[in-house]
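Contents: one structure, followed by commentary.
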Amino acid sequence: MKKTTTNMIPFNRPHMTGKELYNIAEAHFNGRLAGDGPFTKRCHAWIERRTGCHKALLTHSCTAALEMAALMLDIQPGDEVIMPAFTFVSTANAFVLRGGVPVFVDIREDTLNLDERLIEAAITSRTRAIAPVHYAGVACEMDTVMDIAIRHGLKVVEDAAQGVMSAYKGRALGSIGDFGAFSFHETKNVISGEGGALLVNDPTQALRAEIIREKGTDRTRFFRGELDKYTWQEVGSSFLPGELIAAFLWAQLEEAQSITDDRMASWNRYHAALGPLEAQGRLRRPVVPETCQHNAHMYYVLLSPEIDRQAVLTALKENDISSVFHYVPLHSSPAGLRYGRVHGSMEFTDTQSARLIRLPLWVGLTAEQQDRIVKVLTSVVT
Ligand SMILES: *Cc1c(COP(=O)(O)O)cnc(C)c1O
């Protein structure tokens with residue numbers, strides 16, 4: 001019998017605000033399609049105002065923003081960057097592209113973020129930077145990370161791909177370290193298909209960031225009328241998106257608060273509904289420390305270790321619910337083994353990543369759909 005898919009609850013459904021095509025039509029009408037046009041400028045101003053970063057620069061992805069950060073830090077072959085292995089590949093790839101060596105440190109049992117208590121012991125004479133990843137939009141313990149960085153003369157690149165609209169002690173994620181990287185990929189909260197931004201927090205680094213982003217030239221200053229010609233200044237690349245992407249993104253940024261509010265309502269509904277399963281020891285819900293204002297990027301649960309995760313995912317799928325796991329930790333991946341090294345035990349990276357499943361979470365997910373998800377999950381784990 002052919003299975004109907006009309007009841008399927010997707011894992012993610014990109015949210016459109018309704019204004020994207022109007023903005024794209026306006027950019028089209030203006031006939032100004034290359035990067036750094038009026039929509040890009042609006043997006044930059046929004047990010048700077050909302051996060052308090054010194055300078056925001058749109059990129060074509062968070063991956064590109066991380067690669068820019070590695071160029072900004074002049075990472076040389078053999079330079080070490082301390083990071084979690086429980087992250088997306090781009091955190092590591094950006095530095096490996098410059099010959100850097102990711103040094104993987106374990107995550108905290110509670111937030112699944114880089115364990116700040118393990119960073120200092122991983123520092124060597126080759127360490128140049130720390131790359132904390134704010135998993136699920138929940139902040140790393142940034143006071144400790146920044147204190148270690150300052151005492152050891154290290155730079156901090158925040159992978160805030162998942163952290164748009166999140167904060168740590170009232171400070172926007174991405175605005176705390178030397179650099180921050182946002183993602184606007186369609187799987188994130190605020191989207192442009194592919195897209196990202198580099199947040200530059202040290203004012204002395206802003207001009208150089210503009211140069212690296214514009215193929216290594218000072219073209220951005222030239223366009224501002226500060227120079228009468230532009231020339232090749234540095235090693236750089238083309239990291240900026242065209243105006244159509246920025247036009248799309250501007251519609252999303254204007255709705256960032258309502259997007260966050262809608263997701264937060266669903267997040268809170270899951271959290272309340274799954275309390276009893278946590279009390280029964282069947283799973284563990286996400287932990288959000290009081291210092292963190294999160295953005296409801298993700299709702300995940302950590303299944304009790306004796307539960308067969310694949311069986312749970314299969315059962316959800318048979319009930320038309322699409323759920324996924326991640327990440328396969330980088331330290332045990334083929335490239336991670338080749339390019340990185342591990343410092344210390346990876347106990348929680350290994351145990352927590354093997355237990356985790358992510359539940360559907362997107363703008364427009366209904367209470368009825370969530371009830372169905374919780375009901376099916378409850379029946380398979382108890
Ligand atoms: C999504 C994500 C990225 C990559 O973002 P892109 O915009 O797709 O390049 C990097 N790091 C983390 C932690 C992510 O979640």
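Order of listing sets the numbers, starting from 1, for every ligand and every atom in it.
- Of the N and O atoms on the side chains of H331 and D350, at least one donor lies less than 3.5 Å from an acceptor on the other residue.
- Listed by number with element, the atoms of ligand 1 under 4.0 Å from a non-hydrogen atom of Y327 are 13 (C), 15 (O).
- More than 12 heavy atoms of other residues, nucleotides or ligands sit less than 6.0 Å from atom CG of L33.
- Counting heavy atoms of neighbouring residues, nucleotides and ligands inside a 6.0 Å radius, atom NZ of K375 does not exceed 12 of them.
- Atom 14 (C) of ligand 1 has A161 CB, 3.3 Å as its closest protein atom, hydrogens excluded (heavy atom only).
- Proximity of A181 to ligand 1 is not established, as no heavy-atom distance is less than 4.0 Å.
- Checking only distances, Q162 does come within under 3.5 Å of ligand 1, N or O to N or O.
- Taken together through direct or relayed side-chain contacts under 4.5 Å among Ile, Leu, Val, Met, Phe, Trp and Tyr, M83 and I107 form part of one hydrophobic cluster.
- Comparing T87, D159, V89 against atom 10 (C) of ligand 1, the shortest heavy-atom distance belongs to D159.
- Within ligand 1, counting atoms from 1 as listed, the ones closer than 4.0 Å to a heavy atom of V133 are 13 (C).
- Donor-acceptor pairing under 3.5 Å is lacking for the side chains of N201 and H54.
- Around NE2 of H326, the count of heavy atoms belonging to other residues, nucleotides or ligands within 6.0 Å exceeds 12.
- In F182, neither the side chain nor the backbone holds a heavy atom less than 4.0 Å from any atom of ligand 1.
- When each atom of ligand 1 is checked for a heavy atom of G195 under 4.0 Å away, the hits are 7 (O).
- Side-chain atoms of T59 do not come within 3.5 Å of backbone N or O of F239 as any donor-acceptor pair.
- No more than 12 heavy atoms of other residues, nucleotides or ligands shown are found within 6.0 angstrom of OH on Y230.
- Polar contact with ligand 1: present for K188 (N/O pair, distance under 3.5 Å).
- At a 4.0 Å heavy-atom cut-off, ligand 1 touches C62 through backbone and side chain alike.
- Proximity of T63 to ligand 1, defined as any heavy-atom pair under 4.0 Å, is shared by backbone and side chain alike.
- For atom 7 (O) of ligand 1, the nearest protein heavy atom (residue, atom name, distance) is S183 OG, 2.7 Å.
- The cationic atom of R42 (NZ for Lys, CZ for Arg) lies less than 6.0 Å from the six-membered ring centre of F39 and within 45° of the ring axis.
- The protein non-hydrogen atom at the shortest distance from atom 3 (C) of ligand 1 is F88 CD2, 3.5 Å.
- The S61 neighbourhood of ligand 1 comprises atoms 7 (O), 9 (O), with distances under 4.0 Å to a heavy atom of that residue.
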